[in-house]
Amino acid sequence: MQAKKTTILALQEKKSSGEPITMVTAYDYPGALAAERAGMDSILVGDSLGMVVLGYDSTVPVTMDEMLHHCRAVRRGAQSAFLIGDMPFLSYQADRAEAVRNAGRFLKEAGMDAVKLEGGKAMVPAMQAIGDAGITVVGHIGLTPQSSGKLGGYRLQGRTAAEAQRLLEEAEDLQAAGAAMIVLEMMPDRVAAEISRRLRIPTIGIGAGPDCDGQVLVLHDLLGIFDRFTPRFAKRYAELSGEMQRALGAYKDDVQGRRFPDSEHSFSIDDAEWAAWRARPDMR
Ligand code: KIV
């Protein structure tokens with residue numbers, strides 16, 4: 001039996017009841033199926049796609065078309081998880097009408113339930129406009145990878161009292177602008193805990209300690225598939241990269257040694273049919 005569709009209200013109720021929200025990224029059909037079968041509340045089709053799947057050096061080059069293509073694949077694999085499409089760099093920053101149109105494409109063309117955008121105060125007009133169009137929007141503050149250049153790299157945010165206060169104000173601004181949830185990335189645990197305590201809407205932490213209302217990890221980090229670098233906050237639950245290498249090496253050795261395919265992985269023709277074919281005058 002298919003599990004019931006998770007709604008934003010169900011996620012918000014989890015905050016009220018103190019039950020942690022589970023979220024993971026996924027970028028394709030098998031990833032979505034695995035997340036769905038594990039019973040994740042929510043799947044984020046993150047623009048981390050650019051780095052862990054497409055091999056870019058950052059999330060900046062990711063395009064709308066790339067995001068929509070992968071969102072559609074995730075949608076086909078996940079019927080019940082709450083699906084969030086990440087708006088790529090420059091799809092919402094330049095003007096509000098463009099932000100609304102691009103946000104709408106995630107729902108109309110890719111079956112997402114919500115969109116996520118990065119940034120604090122400066123993103124309030126875009127967030128409001130998208131929300132006014134009837135689209136559920138998720139915020140993202142702290143380390144915002146699309147602007148990591150401006151932030152001076154992938155660095156811990158909110159280290160000082162002034163920075164912590166700025167993060168709290170940004171979170172409150174986004175909540176007032178209609179954010180349905182907010183991702184808190186790479187900030188001290190006590191800062192994230194205090195922001196989570198003060199907000200009505202759920203916070204989803206990544207590198208933000210245990211006291212957020214939910215947690216998200218990048219699938220390829222937790223499975224150990226992406227090994228170019230692993231952020232300290234990303235716990236590895238498997239080392240699939242090594243396992244993939246081992247399997248591919250074994251396959252290559254079997255082909256070179258003529259051990260693959262064996263009879264178990266081959267098909268046979270009936271002896272009589274074989275004899276009849278061989279007996280044809282043109283086969284002699
Ligand atoms: O793109 C992404 O995967 C994200 C998560 C790190 C929250 O935004």
Side-chain angles (χ1 to χ4, degrees), residues 11 20-28 31-32 35 40-64 66-71 73-74 78 81-93 102-103 106 110 112 114-120 123 127 137-148 151 153-157 167 170-171 174 179-187 192 195-196 201-209 212-223 225-226 228-236:
L11 299 181
I21 297 167
T22 56
M23 186 187 292
V24 69
T25 69
Y27 314 95
D28 58 16
M40 288 290 159
D41 292 318
S42 179
I43 297 175
L44 167 68
V45 187
D47 65 351
S48 46
L49 164 81
M51 298 179 79
V52 302
V53 174
L54 302 180
Y56 298 144
D57 286 337
S58 77
T59 57
V60 168
V62 177
T63 65
M64 275 297 297
E66 287 167 340
M67 286 305 302
L68 293 173
H69 175 75
H70 286 269
C71 284
V74 167
F82 184 78
L83 301 179
I84 306 169
D86 214 0
M87 297 193 69
F89 182 58
L90 275 197
S91 68
Y92 56 95
Q93 290 94 337
N102 282 328
F106 278 91
M112 296 289 102
V115 296
K116 174 170 85 59
L117 50 85
E118 295 183 5
M123 291 309 127
M127 177 157 289
V137 203
V138 177
H140 182 163
I141 59 169
L143 172 62
T144 44
Q146 291 176 11
S147 42
S148 61
L151 297 175
Y154 296 91
R155 297 154 56 95
L156 183 69
Q157 303 295 302
L167 288 175
E170 282 181 348
L174 293 178
M181 292 197 288
I182 302 186
V183 170
L184 305 180
E185 180 163 354
M186 216 172 166
M187 63 181 69
I195 294 174
S196 303
I201 57 173
T203 60
I204 306 294
I206 175 160
C212 297
D213 302 304
Q215 297 291 330
V216 60
L217 277 181
V218 169
L219 182 71
H220 289 51
D221 287 340
L222 87 85
L223 293 182
I225 301 176
F226 182 70
R228 227 159 71 196
F229 70 87
T230 307
R232 185 162 81 83
F233 58 71
K235 181 169 174 184
R236 282 192 186 240

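First listed ligand is number 1; within each ligand, the first listed atom is number 1. Computation of the quantities below employed the complete heavy-atom set of this structure, encompassing side-chain atoms and omitting hydrogens, waters and symmetry-equivalent molecules. In this text the structure is predicted, and so the values were computed from the model without any measurement.
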Quiz prompt | Numbered atoms of ligand 1 (with element) below 4.0 Å of Lys116, judged on heavy atoms | solution = 8 (O)

Self-check item: Where ligand 1 meets Ile206 - atom numbers and elements under 4.0 angstrom, heavy-atom basis
Solution: 6 (C)

Quiz item: Are side-chain heavy atoms of Phe82 and Leu11 found at a separation under 4.5 Å?
Solution: yes

Quiz item: Are any of the side-chain heavy atoms of Met23 and Ile84 separated by less than 4.5 Å?
Solution: yes

Practice problem: Side-chain contact test, heavy atoms from C-beta onward, threshold under 4.5 Å: evaluate it for Ser48 versus His220 and give yes or no. | Solution: no

Quiz prompt | Geometric N/O contact Thr25 with ligand 1, under 3.5 angstrom | solution = no

Exercise. Name the closest protein heavy atom to atom 7 (C) of ligand 1, giving the residue it belongs to and the distance to 0.1 Å.
Key: Leu44 CD2, 3.7 Å

Quiz item: What are the atoms of ligand 1, with element, lying closer than 4.0 Å to any heavy atom of Gly46?
Solution: 1 (O), 2 (C), 3 (O)

Quiz prompt | Subset of ligand 1 atoms that lie under 4.0 Å from at least one heavy atom of Glu185 | solution = 6 (C)

Quiz item: Taking side chain as C-beta onward, heavy atoms only, is Ser196 less than 4.5 Å from Leu184?
Solution: yes

Exercise. Would you check if Phe89 and Glu118 make a side-chain contact, meaning some heavy-atom pair closer than 4.5 Å?
Key: no

Quiz item: Asp86 to ligand 1: N or O pair under 3.5 Å?
Solution: yes

Self-check item: Backbone or side-chain N or O of Ser48 under 3.5 Å from ligand 1 N or O
Solution: yes

Practice problem: Would you indicate whether the side-chain heavy atoms of Leu143 and Arg155 approach each other to under 4.5 Å? | Solution: no

